[in-house]
Protein chains: 2
Amino acid sequence: MAATAAIEVSTDRRRTQAERSALAEQRMTEAAIELLNERGIAGATLKAIGEKAGYSRGLATHHFGSKAGLFRKVLKSVSVIWVDQLNRHVGEKTGLEALCTGLTAHYRFVRGYPRHVFAMQVLWLGSLDPGSDFKPNVAEFLRGQRKVAARWVEEGQAGGSIRGDIEPARLAEQYLGSIIGMLNQWQMSPGLSLKRMYQEYESYLRILVKP
Amino acid sequence: MAATAAIEVSTDRRRTQAERSALAEQRMTEAAIELLNERGIAGATLKAIGEKAGYSRGLATHHFGSKAGLFRKVLKSVSVIWVDQLNRHVGEKTGLEALCTGLTAHYRFVRGYPRHVFAMQVLWLGSLDPGSDFKPNVAEFLRGQRKVAARWVEEGQAGGSIRGDIEPARLAEQYLGSIIGMLNQWQMSPGLSLKRMYQEYESYLRILVKP
DNA sequence: ACTAAACTTGCTTGCCGCTAACAAGTTTAT
DNA sequence: ATAAACTTGTTAGCGGCAAGCAAGTTTAGT
């Protein structure tokens, strides 16, 4: 209590335990993202991650329990950024406008945080693997995104920008599926233009939902 | 040369060297598919694969050079089945009819060879990982599939089943992307109905390309 | 109020079972 | 006999665990 007045975050002196801990987790999460980009899941060893973050080989296990635990943290931290970006762009928009804005928000996200997106993608796709322990996290995230999109559709039908005989949940599946599929192809085949694919999909979407 | 007349595949006696070799590769490929379903990429160890196939821990390395080599073989063997199925179903069809038939062919493929499809999917998605050595194979396969779909579109425009102002390559990207995205979501969230998603996409496709 | 002991938490190191890959063997076909 | 198929020995590196060390925080005695 008495000595807390002298704390200075800018200087490296006298960190609080909680600060040290949080800093270590953040550094290791970032190191993990970096190494996932450079070397992939198998190549991103706990030793490399710990040392890249400026610590020892054992700290990641200590903080996150396991390699999967660390990756769960990475997944969570990236998806938080994405949800934030999405809310910022879409705001109070609804219907077709929200669907299209969501699309360009996603494009901006991919362009703005390419390393984060790639790491998320790697983990995401790796989650299908029965040996990975974060499949439920991904599944739940997807379910949430479908729900958001379905609500946009419902509101669009109420507002008149989307024709009424579309089942919102079905269109949401297609919408999310297209995004996944486009991103996927783009990651696999660098020659493709992600922007063009998104624009093309948007134009299809407009035709599709026209009342 | 002289003794080849007495070969009996049903009995285990006196196999030719080429036969032994081919049999071993086939058994190990199948064992790999099985183990990819049960335990994923990391869990499908060369030891487990070799022993499940009835051999020693070292034979897979001997035949395929590396774990990645074995997985390349799995990928190839499954994609051969898929291409065969596709050709069988689509035959000489063109245009919208070919696109829709391709869709149901894929659905039947998923239903008919679930373990093969799942293994392919796991490897496929794992190929995005910088550490995996079979990304080019997947990229080339995708490119080929896009080309096939684009030709269907072109022919459909010539035949009148698809409106002319669509760029074939773009629609092919969307088509393949949707298939990837639907399959992906279905694998991640078992509650979804793949059949319904495919039917839904088909109906969208029909609206989209109507001249 | 000050300080030193007691305690908690962050972090490192040594170890174990396991893996992929290679090299050197043994068995089997030709 | 010779070459191929196949097995076994070996090595470096992995993830995860447990023991131990170091730094931060609380508490008690003066």
Side-chain angles (χ1 to χ4, degrees), chain A residues 1-9 11-28 31-32 35 39-72 126 129 131-134, chain B residues 1-9 11-28 31-32 35 39-72 126 129 131-134:
Chain A
M1 277 186 179
T4 45
I7 288 182
E8 293 194 315
V9 183
T11 319
D12 282 340
R13 303 221 133 274
R14 277 293 184 194
R15 271 186 223 287
T16 229
Q17 299 243 77
E19 279 179 335
R20 282 209 301 165
S21 188
L23 185 64
E25 293 205 359
Q26 189 191 328
R27 279 184 178 160
M28 288 199 290
L35 283 164
R39 308 188 205 166
I41 292 182
T45 66
L46 293 177
K47 182 186 175 195
I49 291 168
E51 290 175 352
K52 180 159 203 134
Y55 302 92
S56 71
R57 63 186 169 76
L59 190 60
T61 305
H62 176 72
H63 268 277
F64 304 105
S66 67
K67 196 172 180 178
L70 167 56
F71 287 160
R72 267 193 292 271
D129 192 305
S132 82
D133 293 327
F134 41 92
Chain B
M1 279 173 154
T4 45
I7 287 178
E8 294 193 314
V9 182
T11 318
D12 282 337
R13 305 219 133 275
R14 272 299 187 190
R15 274 186 221 286
T16 236
Q17 299 239 85
E19 278 178 337
R20 277 209 303 169
S21 190
L23 186 63
E25 294 205 357
Q26 188 190 329
R27 280 183 176 159
M28 288 198 290
L35 283 164
R39 307 189 207 165
I41 292 181
T45 66
L46 292 175
K47 183 186 175 197
I49 291 168
E51 290 176 352
K52 180 160 200 130
Y55 301 93
S56 70
R57 63 184 167 77
L59 190 59
T61 304
H62 179 262
H63 269 276
F64 303 105
S66 68
K67 196 173 181 179
L70 168 55
F71 287 160
R72 267 194 292 272
D129 193 303
S132 82
D133 294 326
F134 40 91

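Quick note on labels: first sequence line is chain A, next is B, and so on, each numbered from 1. Here the structure is a predicted model, which is why all the values come from computation and not from measurement.
The distance between atom OH of A:Tyr55 and atom P of C:dT13, rounded to the nearest whole Å, is 15 Å. Rounding to whole angstrom units, CE of residue A:Met28 and P of C:dG10 are separated by 11 Å. Computed from coordinates, the B:Leu23 CG to D:dA4 P distance equals 19 Å when rounded to whole Å. Between B:Glu51 atom CD and D:dC6 atom P there is a gap of 15 Å when expressed in whole angstrom units. One can place CG of A:Leu59 at 16 Å from P of D:dA22, the figure rounded to the nearest angstrom. For the pair B:Arg20 CZ and D:dT7 P, the computed distance is 9 Å after rounding to whole Å.
Between A:Leu46 and A:Leu70 there is a side-chain heavy-atom pair separated by less than 4.5 Å.
One distance of note links CG of A:Leu35 with CE of A:Met28; it measures 12.5 Å at 0.5 Å rounding. Atom NZ of residue B:Lys67 and atom OG of residue B:Ser132 lie 12.0 Å apart, to the nearest 0.5 angstrom.
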N/O donor-acceptor pairs under 3.5 Å from side chains in residues 52-66 of chain A, not counting sequence neighbours:
| from | atom 1 | to | atom 2 | distance (Å) |
| --- | --- | --- | --- | --- |
| A:Tyr55 | OH | A:Arg27 | NH1 | 3.4 |
| A:Ser56 | OG | A:Gly58 | N | 3.4 |
| A:His63 | ND1 | A:Glu25 | OE2 | 3.1 |
| A:Ser66 | OG | A:Ala68 | N | 3.4 |
| A:Ser66 | OG | A:Gly69 | N | 3.1 |

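Residues forming a side-chain hydrogen bond (donor to acceptor under 3.5 Å, both in side chains) with A:Gln26 (at least two apart in sequence, or on another chain): A:Glu30.
Note on B:Thr16: every side-chain N or O is 4.0 Å or more away from OP1 and OP2 of C:dA29. Taking 4.0 angstrom as the limit, B:Ser56 places none of its side-chain polar atoms (N or O) nearer than this to OP1 or OP2 of D:dC6.
From one end of the helix from C:dA1-D:dT30 to C:dT30-D:dA1 to the other, with five pairs defining each end axis, the axis direction shifts by 10° (rounded to 10°).
Residue B:Gly40 comes nearest to A:Asp129 through the heavy atom pair CA-OD1, 2.8 Å, listed as atom of the first residue, atom of the second, then distance.
Between the side chain of B:Thr45 and the backbone N or O of B:Ala48 there is at least one donor-acceptor pair closer than 3.5 Å.
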Under 4.0 Å protein heavy-atom contact, by nucleotide of nucleotides 10-21 of chain D - B base, S sugar-phosphate only = B---SSB-----
